[in-house]
Amino acid sequence: MTSVAVVGTGAVGSMALWRLAGRGIPAVGFDAYAPGHDRGSAGGESRIFRTAYKEGPRYVPLLREARELWAELDRGAGRRLLTPVGGITVGPREHPAVAAVLAAARAHDLPVEVLTGRRAAERAPEYPLRDGEVMVADPDAGYLRPEPAVVAAAAAAEQAGARILRYTPVKEVRQDTTGVTVVTEDGGEHRFTHAVLAPGPWARRLLPDLPIAARAITSTWFPRRYETLFDPGRCPIAIRVGEPAYSCFPSMDGAGVKVNLHVPWRDLDSPDALERSAPPAYVRQVAAAVAATLPGLRPDPIRVATFADAFTPDGHGLLGTRGRTVIAAAFSGHGFKLAPVFGDIVADLVETGTTTRDIDHLAPNRPLRRSP
Ligand SMILES: Cc1cc2nc3c(=O)[nH]c(=O)nc-3n(C[C@H](O)[C@H](O)[C@H](O)COP(=O)(O)OP(=O)(O)OC[C@H]3O[C@@H](n4cnc5c(N)ncnc54)[C@H](O)[C@@H]3O)c2cc1C
């Protein structure tokens, strides 16, 4: 009978456990910490959900399924994990990312609108356009609450019969012809028919042969000048492309508005060595971006926090099988929104060895060059 170890119960691992347990497949999660912790990729209060996907139209069907699964998780948790406030991409009309958003929308008939002038100012007064810029509005976008979402998925999994071994780091996963052995740091050995590796930014430790880089992403929160702006019940999430480039969220707690500047992320030897703060040069850069483009914010940050994530050289994650092991890793800074559908695909791969969903672009054995 099938039995599964899920190593890592962060965003993707917790969703995989939820989907496996929901199918009646016995599953045990292992985590070095506990679901909902903020030392991996899933900390920092908010995540963007969007459907007109500049990373490629082939993600759109996955995003549609993810949205359904977020709604299912919401219903089970009895709280809103995905808040559909809509989203905008702001930038020069001819910018390739604007073109990519429009191409994804066209390919899948998504109801996006291109706004300028008064219509843009009415839709999102927080984000004034500069000369030559447009606003592309995606009504199916919104924001996710990452820590409660991971806690909710883990709780749903446990309720459906999964077990989670918290504060139990895994040292090694060995597979042979009849099953897999999970060896924990405390010397335990656990036997299953299959394993799922969802170790987030720690991926290199369990998957040393794959070209996965751990990187640090810094979030910075700025105070609002006006209480009416960045309201979490109304303000869309935003991605600004061009110069400067960043993502920006409504104010979750009324105190600060989170801005993630899009710069080359800093490489990390290990997420365990993550510096939680950020270099002054980075803080000056994000403060200058706020001063130049977000007049509703005061440009001195009130909070700075850095998180780790795992990246592949081509910016697409790794999802597929290797013998009795499913690899679900390195979602490259944009995997949270897709975590429920990735979790369901993991369950397909465990149950049948294949999936009907289009994930060829995520194949772990695709040609990938190591980053320079
Ligand atoms: C600052 C920031 C902003 C982001 N913004 C967005 C966004 O707006 N929208 C979006 O869609 N995505 C976004 N992402 C990306 C998204 O958050 C990640 O792709 C996603 O969280 C990856 O999930 P994961 O399960 O792979 O990793 P994680 O959530 O980090 O989970 C990995 C888990 O594995 C455990 N683990 C690792 N190794 C072991 C081991 N050996 N033994 C036991 N346990 C182990 C860890 O403790 C952890 O719980 C962002 C990421 C960051 C860092």
Side-chain angles (χ1 to χ4, degrees), residues 5-17 29-50 53 55 59 63 66 70 82 87 141-147 149-150 153-154 164-173 182-186 195-207 212 214-220 237-239 246-249 258-262 265 268 270-272 274 278 305-312 315-319 327-343 346:
V6 177
V7 180
T9 60
V12 177
S14 68
M15 301 288 171
L17 267 184
F30 294 79
D31 205 289
Y33 301 101
H37 74 82
D38 72 345
R39 295 164 185 84
S41 305
E45 184 183 271
S46 51
R47 289 287 182 273
I48 286 176
F49 182 92
R50 56 199 159 85
Y53 217 49
E55 291 79 358
Y59 282 100
L63 289 158
W70 281 115
L82 170 57
Y143 62 83
L144 294 155
R145 302 306 306 267
E147 298 91 342
V150 174
I164 298 179
L165 300 180
R166 293 162 165 82
Y167 310 105
T168 308
V170 169
K171 193 164 137 191
E172 191 187 356
V173 178
V182 174
V183 184
T184 53
E185 295 279 359
D186 60 12
V196 176
L197 302 187
W202 288 269
R204 264 197 321 225
R205 202 178 288 169
L206 295 175
L207 295 161
I212 299 173
R215 302 209 172 107
I217 305 180
T218 297
S219 298
T220 318
I237 58 88
I239 294 184
Y246 54 74
S247 48
C248 187
F249 297 76
K258 186 171 88 169
V259 179
N260 288 351
L261 198 60
H262 294 173
W265 316 121
L268 291 170
S270 156
D272 296 328
L274 181 68
T306 300
F307 303 90
D309 205 355
F311 291 78
T312 60
H316 299 281
L318 304 172
L319 184 58
I327 295 170
F331 294 108
S332 294
H334 59 107
F336 197 88
K337 62 182 80 57
L338 288 152
V341 70
F342 288 159
V346 165

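Indexing begins at 1, ligand by ligand and atom by atom, following the structure's order.
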- Looking at Tyr33, is Arg39 sitting on its ring face, NZ or CZ under 6.0 Å from the six-membered ring centre and within 45 degrees of the normal? yes
- Query: Any side-chain donor-acceptor pair under 3.5 Å between Thr220 and Lys258?
  - Reply: no
- Task: For ligand 1, indicate whether the residue His37 contacts it via side chain, backbone, both or neither (heavy-atom separation under 4.0 Å).
- Result: side chain
- Closest to atom 26 (O) of ligand 1 among Ala216, Gly335, Gly200 (heavy-atom distance): Gly200
- Does ligand 1 have any atom sitting under 4.0 Å from a heavy atom of Pro169? yes
- Task: Run the salt-bridge test on Arg205 and Glu172 with the 4.0 Å N-O cut-off and return the result as yes or no.
- Result: no
- Message: Could you work out, for atom 38 (N) of ligand 1, the closest of Trp202, Phe249, Phe342 by heavy-atom distance?
- Response: Trp202
- Do me a favour and list the nearest non-hydrogen protein atom to atom 20 (C) of ligand 1 with residue, atom name and distance? Ser41 CB, 3.8 Å
- atom 36 (N) of ligand 1: of Ser46, Gly10, Gly8, the nearest heavy atom sits on Gly8
- Message: Quiz question: by atom type and distance under 3.5 Å, do the side chains of Trp202 and Asp272 form a donor-acceptor pair?
- Response: yes
- Taking both backbone and side-chain atoms of Arg205, is any N or O found less than 3.5 Å from an N or O belonging to ligand 1? no
- Message: Please list the nearest protein heavy atom to atom 52 (C) of ligand 1 with its residue and the distance rounded to 0.1 Å.
- Response: Arg47 NH2, 3.5 Å
- Message: Show the atoms of ligand 1 that are less than 4.0 angstrom away from any heavy atom in Ala308.
- Response: 53 (C)
- Task: Decide if the gap between the ring center of Phe331 and the ring center of Phe342 is smaller than 6.0 angstrom.
- Result: yes
- Identity of the nearest option to atom 46 (C) of ligand 1, non-hydrogen atoms only, from Asp38, Val6, Asp31: Asp31
- Name the closest protein heavy atom to atom 51 (C) of ligand 1, giving the residue it belongs to and the distance to 0.1 Å. Asp309 OD2, 3.4 Å
- Task: Identify which of Gly333, Pro35, Pro201 has a heavy atom lying nearest to atom 13 (C) of ligand 1.
- Result: Gly333
- Any side-chain donor paired with an acceptor under 3.5 Å for Thr168 and Thr184? no
- Can you find a heavy atom in the side chain of His262 that is under 4.5 Å from one in the side chain of Ser247? yes
- Query: If you measure only the distance, is there a donor-acceptor pair under 3.5 Å linking the side chains of Tyr53 and Lys337?
  - Reply: yes
- atom 23 (O) of ligand 1 [closest protein heavy-atom partner, distance rounded to 0.1 Å]: Ala11 CB, 3.4 Å
